[in-house]
Amino acid sequence: MTTPEESLEARLCALLTTAVQKISPSPMLHPALERPRQSAHGDFASPIALQLAKGLRRPPREVATQLIAALPSSTLIERVELAGPGFINIFLTAQARQEVVHEILRRGSLFGSSQKGAGQRVQVEFVSSNPTGPLHVGHGRGAAYGASVANLLGKAGYQVHREYYVNDAGRQMDILTVSTWLRALQQSGKLKSLPFPGNGYQGDYVETMAREAAQRFSDLVIHEEPLLSALGLPQTNDLIAFPTEQEELHMDALIAAAKELLGPTYRALHHFVLTEQLADCRQDLEEFGVVFDEWFSEQSLFDSGAVALVVSRLEEAGYLYTEKGARWFRSSAFGDEKDRVVQRENGLYTYFASDIAYHVDKFERGYDLIVDIWGADHHGYIPRVRAALKALGYDDSRLSVPLVQFVSLFRQGEKAQMSTRKGQFITLRELRTEVGRDAARLFYILRKSDQHLDFDLDLATSQSQDNPVYYIQYAHARIQRVLERWGGDPAQLENSALHPLIHEEETRILQILYAYPALLEQAAGDFAPHLVAFYLRDLSAEFHAYYNRVPFLEGESVQVQARMALLGAIGTVLRDGLSLLGVSAPDRM
RNA sequence: GUGCCCGUAGCUCAAUCGGAUAGAGCACCAGCCUUCUAAGCUGGGGGUUACAGGUUCGAUCCCUGUCGGGCACGCCA
């Protein structure tokens, strides 16, 4: 620990440990300390006696009595009570509780940061959506969650690398390229009998890219005849209908025809649509307050030979075999349900193969902790990635894969269906425009990531006060206004006497404030930013109650100064917590 | 059918890694602005934690089963 003072918990823990050592031959290293729900149970409580009782073969209450007797005296503790089945309830002195205010004012936004991850590098990969269209509200949840998790890990002392995996190598990119091409042909009036494929990308953004592409590439627009001929279709003036069962085959034929007819222009168009979509995605995310250190290209893994290399490594290790012409990885030997194909009968590598290469790359970069944030629909994929890592000799316990559940949109009580392909979706950009960045960021992380999120658009777009973001921001704005009205020098507050802070509301607020570092540690460790949101709401609630109860600026100077110091500390914590969640803290509203 | 996740107040969700009397918001009812911002506060009713067993000092949490919901089960990505 490099903090100037050890935390309250650490100091209390040390006292308890001393007591445990006196009465027990095999002491626990870290006696548990809890924050009781009820104030009658003290500022802290420890169930240590209950846990020790079995080993000592004594009744828990007797063990607790001995522990209390063995507890060294301390200026922190006012009194200690034995309660219930054997809890040790600790009541702090007012002075011990008040100290946190000075600590917060002194350390500012460093308060709550820890050294837990010091010297360790962590990679957080998130969003990683196919660059085939605008981000929708589902991606928004991954973005908000991942960004907050990354911030929390940074606060915990880790050196954080934020990364977006760009799936630029697959068939979906070809489909987008063909979709853009076909739209350009339609716009030029050249396409008459060939309908736009039902499994093509149909959004307006494809039309926009098509217009731009037609300007940029002079040989993009061709007549319909060679296309029909390349597809093996008869020349006709009627609209050709394709049965939906054959959509995928038709799309493959379209891709092949496009490559053949466009030649080098196909690659140029492919590059163009990819660049357009990535730029759009990057800007969208930036406006959402989500910034990446690296955009990692899947294609680069093929170009560098990394995919071929990991497959040959698996080969050499003896974990590959051939069946029905394909190369299979024996993942079932490493905990997966069944074996998986890494190289298809046609010689092409599967997505799984490039994903192994990507994860090997992550491990080779030497991160101490690797966090993949995936959509919950990919959960079945985790065992095979772990299997590959284990087979190649990596310690897969360094990999964590928190899952983000789907977002369901509700409009006027009805669930809105989403399909990227059909273009019927609500984009992240639309959502931000409607509800604002702050509300969207907070809404997204307000529930546990692995829980389904029902996003009520009417509620979120109504600017109603139901939206919790206002509640927290309002607390911050109120504090700034009071400090402004007070007119003193905030920098002097860290020297204020704090002994007047003994009222009920003040005590509760102090208890919440000194819980902040432990809260952040848990939120970071569990990848659980929702805990921060709930914490901020609780702190805001206590503040609003305090505000309504006490006229801060009335009374003696010492008392006013102490209250201003407390307000300054609350404001600092609110600001810090909000910034971890990517939400602004306005000074006035 | 198999695997994973989930089931908590009328609704949307928490619950300090097994702790004491399960908590918030919304909605509903009754109050509070000549005083630092009423985007606020105070009080009230609301629960067999889906169900049935088990483990122990103690279970919303761990185990088994049942019911109900979601997702995944490709040589797609």
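Atoms considered below: every heavy atom in the structure, side chains included; atoms not considered: hydrogens, waters and symmetry mates. Throughout, a chain's letter reflects where its sequence line sits, starting with A, and its residues are numbered from 1.
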With sequence neighbours excluded, what pairs up with [X] under the side-chain contact (heavy atoms from CB on, under 4.5 Å) test?
| X | value |
| --- | --- |
| A/Glu163 | A/Gln123, A/His161, A/Glu294, A/Phe296, A/Tyr358, A/Arg365 |
| A/Ala477 | A/Met589 |
| A/Arg437 | A/Phe288, A/Arg441 |
| A/Arg79 | A/Glu81, A/Phe91 |

Given the [atom1] atoms of [N] and [M], what is the spacing between them in whole Å?
| N | M | atom1 | result |
| --- | --- | --- | --- |
| B/U49 | B/U42 | C1' | 29 Å |
| B/U66 | B/G10 | P | 28 Å |
| B/G54 | B/A59 | P | 12 Å |
| B/U55 | B/C13 | P | 35 Å |
| B/G18 | B/U56 | C1' | 10 Å |
| B/A52 | B/U48 | C1' | 13 Å |
| B/U60 | B/C17 | P | 15 Å |
| B/U16 | B/A77 | P | 41 Å |

side-chain hydrogen bond (donor to acceptor under 3.5 Å, both in side chains) partners of A/Tyr535, counting only residues at least two apart: none

Mind listing the side-chain donor-acceptor pairs of residues 481-488 of chain A below 3.5 Å, one per line with the distance, residues two or more places apart or on another chain?
unit_1, atom_1, unit_2, atom_2, d
A/Glu484, OE1, A/Arg588, NH2, 3.2
A/Glu484, OE2, A/Arg588, NH2, 3.2

Dot-bracket line, read 5' to 3' along RNA chain B, where crossing pairs take [ ] and | marks a partner on another strand, Watson-Crick or G-U under 3.5 Å: (((((((..((((.....[...)))).(((((.......))))).....(((((..]....))))))))))))....

So which protein nitrogen or oxygen atoms get under 3.5 Å of nucleotides 70-77 of chain B's nitrogens or oxygens?
unit_1, atom_1, unit_2, atom_2, d
B/C75, O2, A/Glu345, N, 2.7
B/C75, N4, A/Lys324, O, 2.6
B/C76, OP2, A/Arg344, NE, 3.0
B/C76, OP2, A/Arg344, NH1, 2.5
B/A77, OP1, A/Arg344, NH2, 2.9
B/A77, OP2, A/Tyr351, N, 3.0
B/A77, O2', A/Asn130, OD1, 3.4
B/A77, O2', A/Asn130, ND2, 3.3

Would you indicate, yes or no, if B/A39 has its OP1 or OP2 atom less than 4.0 angstrom from a side-chain nitrogen or oxygen of A/Arg478? no

A/Lys448 side chain N/O closer than 4.0 Å to the phosphate oxygens (OP1, OP2) of B/A15? yes

Do A/Asp174 and A/Lys259 come close enough that some side-chain heavy atom pair is under 4.5 Å? yes

When you compare the side chain of A/Tyr165 with that of A/Ser354, does any pair of heavy atoms fall below 4.5 Å? yes

B/A20 pyrimidine/purine six-ring stacking with A/Phe87, under 5.5 Å and 30°: yes

Can you tell whether the side chains of A/Lys362 and A/Glu125 come within less than 4.0 Å, N to carboxylate O? yes

Can you pull out the residues from residues 525-546 of chain A that lie within a 4.0 Å heavy-atom distance of RNA chain B? A/Asp526, A/His530, A/Leu531, A/Phe534, A/Arg537, A/His544, A/Ala545

Those residues of residues 515-522 of chain A lying under 4.0 Å from RNA chain B by at least one heavy atom: none

Under 4.0 Å, heavy atoms only, any strand: does [X] hit a base, just the sugar-phosphate, or nothing?
| X | answer |
| --- | --- |
| A/Val469 | nothing |
| A/Gln451 | sugar-phosphate |
| A/Arg588 | base |
| A/Asn89 | base |
| A/Arg485 | sugar-phosphate |

For residues 560-567 of chain A, please give each side-chain donor-acceptor pair under 3.5 Å, one per line with the distance, not counting sequence neighbours.
unit_1, atom_1, unit_2, atom_2, d
A/Gln561, OE1, A/Ser496, OG, 3.4
A/Arg563, NH1, A/Glu554, O, 3.2

If you restrict it to nitrogen or oxygen atoms, what contacts under 3.5 Å exist between nucleotides 54-58 of chain B and the protein, and what is each distance?
none

